Number of protein chains: 2
Amino acid sequence: MSAAQGKTGRRPGESGAREAILAAATAAFAEAGYDRATIRGIATAAGVDPALVLHYFGSKKDLFEAALELPVSPRQIFERGVVAGPDQLGAVIVRTFLEAWEPPETRVRLMAMLRSAMTNDTAMAMIRDLLVREVFGPITQTLGVPDAPLRATLVGSQFVGLAIIRYIGRLEPLASASIDDLVSAIGPTVQRYLTGELGGGTQGG
Amino acid sequence: MSAAQGKTGRRPGESGAREAILAAATAAFAEAGYDRATIRGIATAAGVDPALVLHYFGSKKDLFEAALELPVSPRQIFERGVVAGPDQLGAVIVRTFLEAWEPPETRVRLMAMLRSAMTNDTAMAMIRDLLVREVFGPITQTLGVPDAPLRATLVGSQFVGLAIIRYIGRLEPLASASIDDLVSAIGPTVQRYLTGELGGGTQGG
DNA sequence: TGTAGAACTCTACAGGCGTTGAATTCCTTG
DNA sequence: CAAGGAATTCAACGCCTGTAGAGTTCTACA
């Protein structure tokens, strides 16, 4: 980033303002979602004039996309599970998923995506593309079974719900449960969604 | 426009406008969430002046709460499962949950709550109170085990994720999967969350 | 030192928002 | 027909939004 600028302008390349804006934007999107977050609010939080936000990022939509560039690839969530072997698949994936939410910077980004995706088509498309490309795609390829796409979305549904209840709704006791406990509780679910017999459950109705 | 009026014109005490506003509001909240839905838009959809909306409902927040009064009690979702017996618990609950989403009027309300809860504290509190009182409470009491609250929120996480992936994100193939298939796939998960061994899964790390 | 250009701010526009209170239409009732 | 009250509309206020463009400050380099 600083190397790209070279020599120009006021403390070129390292103003700090750009990063402050990005951080404030990510936090605002995470807290309020795309619609409620305002450029003026982000600018104030960053100690900067609102016009500067647009000067750097062009528009609110572009700022949103810039603020939500994931620092980690979600693909490794599944890849780590594959490495651990088929029996550990569910547990390792759940653990990796939960640990990915631990760093505040990541959590804030994921919360922003989740919150915004509920009412913003752009955000929802981002999540869908991301999941399909980085998570569901690898799962589907690796499993090599015909109903792999359904299995992948089932896993996705459990993870999305887990994230919402734990991090956004903060419903107890799930919100405060330890990662170990959740791995024990949810790991077998994911394990079964990926490798188990989906049609063999007890029929109801 | 005002086809509901018909020949009788305006009857004091009962006009179709109120219901039209409620329907339009519910649809708007379901489609856009609380923040994005606008009173002006709702009024236009209902073929009515914006001021009339406020005249009837006082404020946007009150309108939201009026529009989201659930037509069915979610309590029966669990009660039907209890009646069916402990072995059928998961399957019956999943089926009842999915069938509850089928009627368009109910679906629209549930989508509105879900969408709005992501960025609106009032909506989130409504959902939390509703779940705790109508679903988690009965589950906790009936199960009579010490970790019942955790089990209840685990079930909640799976259901919230299912609803979001299937009805809001519309991710395939889960979005188009039949109720029977989903009962087979998710029923055992719920069954285990409620009555199974939570700590006995494969450990991962 | 002069100047180019980046970093940053000021001011303003145009539009949408929730909300308000007075004015108007319309039906019912006496 | 006249009065009363409910149903509904009109017009406007004040606020906030995203955005645009001109203007200002500052730093790096010739």
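For the numbers below, each heavy atom of this structure counts, side chains included, while hydrogens, waters and symmetry mates do not. So that the names make sense, note that chain A is the first sequence line, chain B the second, and so on, each numbered from 1. Since the structure is predicted, the reported quantities are computational estimates derived from the model, not experimental observations.
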Rounded distance in Å - CD1 (Ile42(A)) to P (dT19(D)): 11 Å

Length of the NE2-C1' vector between His55(A) and dC8(C), whole Å: 8 Å

Value in whole Å for how far the P atom of dT17(D) lies from CG of Asp35(B): 12 Å

Phosphate OP1/OP2 of dT8(D) contacted by Tyr56(B) side-chain N/O (<4.0 Å): yes

Rounded distance (Å) that lies between atom C1' of dG18(C) and atom CZ of Phe29(B): 12 Å

Distance-only donor-acceptor test, Arg40(B) side-chain atoms vs dG18(C) base atoms, 3.5 Å: yes

Interatomic distance where CZ belongs to Phe57(B) and C1' belongs to dT20(C) [whole Å]: 18 Å

Cation-pi, Tyr167(A) ring and Arg115(A) (6.0 angstrom, 45 degrees): no

Selected nucleotide, minimal atom distance to Ala51(B) side chain, candidates dG21(C), dC8(C), dT19(C): dG21(C)

Residue pair Thr195(A) / Gln191(A), side-chain donor-acceptor N/O under 3.5 Å: yes

Touch class at under 4.0 angstrom, heavy-atom based, for Ala37(A) against every strand present: sugar-phosphate

Between P of dC26(C) and CG of Leu52(B), the distance in whole Å: 15 Å

Test: Lys60(B) cationic atom under 6.0 Å from Phe29(B) six-membered ring centre, within 45° of axis: no

Whole-Å distance separating the CG atom of Leu54(A) from the P atom of dA7(C): 16 Å

Ile164(A) side chain near Met118(B) side chain, heavy-atom distance below 4.5 Å: yes

Whole-Å gap separating P (dA20(D)) and CG (Asp49(A)): 15 Å

